[in-house]
Enquirer: 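Take this structure, written in structure tokens, and hold onto it; I'll ask about it next.
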Amino acid sequence: QVQLLQSGGGLVQAGGSLKLSCTISGRAFNDEPSPVGWFRQAAGKERAFVGYISQYSGTKYYADSLKGRFTVSRDNDKNTVYLEMNGLKPDDSAVYYCAAAKASWVPKDSVSRTSEYDYWGQGTQVTVSS
């Protein structure tokens with residue numbers, strides 16, 4: 001059973017930075033790292049795509065509005081995926097989720113779909129004050 005444990009959220013002032021972690025325990029049936037997506041859900045809004053990283057970091061995608069400020073990375077030796085957020089704005093306030101796919105890859109045109117991911121972290125609150 002694959003489980004995702006998130007950490008690193010909190011309260012930060014506008015312009016500040018945060019780095020979220022998502023540690024994955026257990027393995028997919030083929031014992032390979034899972035591709036991972038990051039999503040966020042602001043109060044009263046739908047869950048929105050933030051970024052994606054492939055199994056071995058060769059492919060990364062980001063929501064257009066977040067390119068240049070957010071960076072996804074991973075350390076497979078630590079079974080951990082990271083979301084580094086810089087230049088944070090009050091509009092970035094949301095619950096952030098990491099999600100892992102059973103498949104070995106997610107097509108580019110599908111990375112933003114929550115249905116592509118099989119396992120989800122518990123979510124972590126990020127609040128950006130103005």
Enquirer: If you apply the rule side-chain contact (heavy atoms from CB on, under 4.5 Å), what do you find for R47 with W120, and how did you get there?
Expert: CA-CA 12 Å; R47 197 164 296 188; W120 289 82; 3.4 Å; yes

Enquirer: In terms of hydrophobic clustering (I, L, V, M, F, W, Y; side-chain heavy atoms under 4.5 Å; direct or indirect links), are V50 and V126 co-clustered?
Expert: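 Per the 4.5 Å side-chain linkage, V50 and V126 are co-clustered.
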
Enquirer: Is any side-chain heavy atom of T23 closer than 4.5 Å to one of K78?
Expert: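 K78 vs T23: side chains apart.
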
Enquirer: Should V81 and L66 be regarded as members of a common hydrophobic cluster, given that ILVMFWY residues are connected when their side-chain heavy atoms come within less than 4.5 Å of each other, either directly or indirectly?
Expert: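 Yes; L66 is reachable from V81 via cluster members.
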
Enquirer: Less than 4.5 Å apart, side chain to side chain, heavy atoms only: is that true for M85 and L20?
Expert: yes

Enquirer: Can you find a side-chain donor-acceptor pair between Y56 and E32 that sits under 3.5 Å?
Expert: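 Checked: Y56/E32 side chains pair up, N/O donor to acceptor below 3.5 Å.
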
Enquirer: For the atom pair CG (L5) and SG (C22), what is the distance rounded to the nearest 0.5 Å?
Expert: 8.0 Å

Enquirer: For a side-chain contact (heavy atoms from CB on, under 4.5 Å) check, start with the C-alpha distance between Y117 and V111, then their side-chain angles and the critical distance, and finish with the verdict.
Expert: CA-CA 9 Å; Y117 302 90; V111 295; 3.9 Å; yes

Enquirer: Any link between F70 and W38 through a network of hydrophobic side chains (Ile, Leu, Val, Met, Phe, Trp, Tyr) touching at under 4.5 Å?
Expert: yes

Enquirer: Testing the basics here: between S34 and A100, what is the closest heavy-atom pair and its distance to 0.1 Å?
Expert: CB-CB, 3.8 Å

Enquirer: Are S54 and K60 packed together at the side-chain level, in the sense that at least one heavy-atom pair is separated by less than 4.5 angstrom?
Expert: no

Enquirer: Looking at CG of D118 and OG of S115, how far apart are the two atoms once the value is rounded to the nearest 0.5 Å?
Expert: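 Going from CG on D118 over to OG on S115, the span is 9.5 Å.
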
Enquirer: Does atom NZ of K89 have more than 12 heavy-atom neighbours from other groups under 6.0 Å away?
Expert: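 Not buried by this count: 12 neighbours or fewer within 6.0 Å.
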
Enquirer: Using the rule given for side chain to side chain donor-acceptor pair (under 3.5 Å), can you reason through D75 versus T80, listing the C-alpha separation, both sets of side-chain angles and the distance that settles it, and then say yes or no?
Expert: CA-CA 5 Å; D75 183 341; T80 300; over 6 Å; no

Enquirer: Please round to the nearest 0.5 Å and tell me the distance separating atom CZ of R69 and atom CD of E84.
Expert: 12.5 Å

Enquirer: Could you tell me the separation between the CD atom of Q125 and the OG atom of S93, rounded to the nearest 0.5 Å?
Expert: 7.0 Å

Enquirer: Any chance you could lay out the side-chain contact (heavy atoms from CB on, under 4.5 Å) test for T59 and K108, step after step, and finish with the verdict?
Expert: CA-CA 9 Å; T59 300; K108 181 178 180 180; over 6 Å; no

Enquirer: Considering all heavy atoms of both residues, which atom of E116 and which atom of P107 are nearest to each other, and what is their separation?
Expert: OE1-CD, 4.4 Å

Enquirer: Whether K67 engages the ring of Y62 as a cation-pi pair (distance to the six-membered ring centre under 6.0 angstrom, angle to the ring normal within 45°) should be assessed.
Expert: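 Here K67 fails the 6.0 Å and 45° test against Y62.
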
Enquirer: Can you measure from CG (N79) to CG (L4) and round to the nearest 0.5 angstrom?
Expert: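 One finds 10.5 Å between CG of N79 and CG of L4.
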
Enquirer: Which pair of non-hydrogen atoms, one from N76 and one from P33, has the smallest distance, and what is that distance?
Expert: ND2-CG, 3.6 Å

Enquirer: Let me check something: do Y96 and Y52 share a hydrophobic cluster, defined by ILVMFWY side-chain heavy atoms less than 4.5 Å apart, either directly or through other members?
Expert: no

Enquirer: Using 30° and 60° as the class limits, which term best fits the ring planes of F49 and F39: parallel, tilted or perpendicular?
Expert: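 Aromatic pair F49/F39 classed perpendicular.
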
Enquirer: Between A14 and S130, which heavy-atom pair has the shortest distance, and what is it?
Expert: CB-CA, 4.3 Å

Enquirer: Heavy atoms only: give me the nearest V95-G123 pair and the separation to one decimal.
Expert: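 Shortest heavy-atom separation between V95 and G123 comes out as CG1-CA, 3.8 Å.
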
Enquirer: Answer whether the closest heavy-atom distance between the side chains of Q6 and Y97 falls below 4.5 Å.
Expert: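 Touching, per the 4.5 Å side-chain cut-off.
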
Enquirer: Hey, is the main chain of A94 close enough, under 3.5 Å, to the side chain of R40 for a donor-acceptor pair?
Expert: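 Not at all, since once roles are kept as given, no pair shorter than 3.5 Å links the two residues.
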
Enquirer: Can you see which heavy atom on Q55 is nearest to which on P35, and at what distance?
Expert: CG-CD, 3.9 Å

Enquirer: In terms of hydrophobic clusters joined by side-chain contacts under 4.5 Å, are V128 and L18 together?
Expert: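 As far as the 4.5 Å side-chain criterion goes, L18 and V128 are connected within one cluster.
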
Enquirer: Quick one: OG on S7 to OH on Y82, what's the gap to the nearest 0.5 Å?
Expert: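 OH of Y82 is found 9.0 Å from OG of S7.
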
